[in-house]
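Working notes, structure below.
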Amino acid sequence: MNLPVLAGTLSTVLFALGMLPMLVKAARTRDLASYSPGNLVLSNVANAVHSVYVFNLPAGPIWALHMAYVLASALMLAWWLRYRQTASTRSDGGTAVHGEGSAVGIHISEKGEL
């Protein structure tokens, strides 16, 4: 394996590992309120357009890196679309309080008690 391919492989692994904490946290907490829907949509469109370029290159680490970005941005958009309704409504029918500080996530009926 030559040096450029080795560097591409190593950087691909590092970039993919760097995305894992974001994906795990988003999957675990289902809290994607801090993500911009415009950015998520634009990232997915850009990845689709960029795929035309990447998949016309010889197969290599760039394909794997691009697929990691495609999958991560698609997952984040899908999760944002899926969980945005559930973020404002709790399973017990109450509405969560969205704001700053310690009041985040406190049920509206519990806010006065705390």
Let me have the donor-acceptor pairs involving side chains of residues 62-78, under 3.5 Å, with sequence neighbours excluded, atom names and distances please.
unit_1, atom_1, unit_2, atom_2, d
Trp63, NE1, Val54, O, 3.0
Trp63, NE1, Leu57, O, 3.2
His66, NE2, Asn47, O, 3.3
His66, NE2, Ser51, OG, 2.7
Ser73, OG, Asn44, OD1, 3.4
Ser73, OG, Asn47, ND2, 2.8
Ser73, OG, Tyr69, O, 2.9
Ser73, OG, Val70, O, 3.3

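- Considering only residues two or more places apart in sequence or on other chains, Ser34 meets the side chain to side chain contact (heavy atoms under 4.5 Å, CB included) condition with none of them.
- Closest approach of Leu23 to Trp79, counting heavy atoms only: O-CZ3, 3.4 Å.
- Taking CG of Leu40 as the reference point, atom CG of Leu81 lies at 8.0 Å (rounded to 0.5 Å).
- In this structure, CE on Met22 lies 5.5 Å from OH on Tyr35, to the nearest 0.5 angstrom.
- In this view, Asn2 and Pro4, Val5 satisfy the side chain to side chain contact (heavy atoms under 4.5 Å, CB included) rule, not counting sequence neighbours.
- For Ser36, there are no side-chain hydrogen bond (donor to acceptor under 3.5 Å, both in side chains) partners, not counting sequence neighbours.
- A heavy-atom distance below 4.5 Å is not found between the side chains of Arg30 and Trp80.
- If you chain together ILVMFWY residues whose side-chain heavy atoms come under 4.5 Å of each other, Leu14 ends up grouped with Leu10.
- By the side chain to side chain contact (heavy atoms under 4.5 Å, CB included) test, Leu17 pairs with Val13, Leu20, sequence neighbours left out.
- Between the side chain of Asp31 and the backbone N or O of Ala33 there is at least one donor-acceptor pair closer than 3.5 Å.
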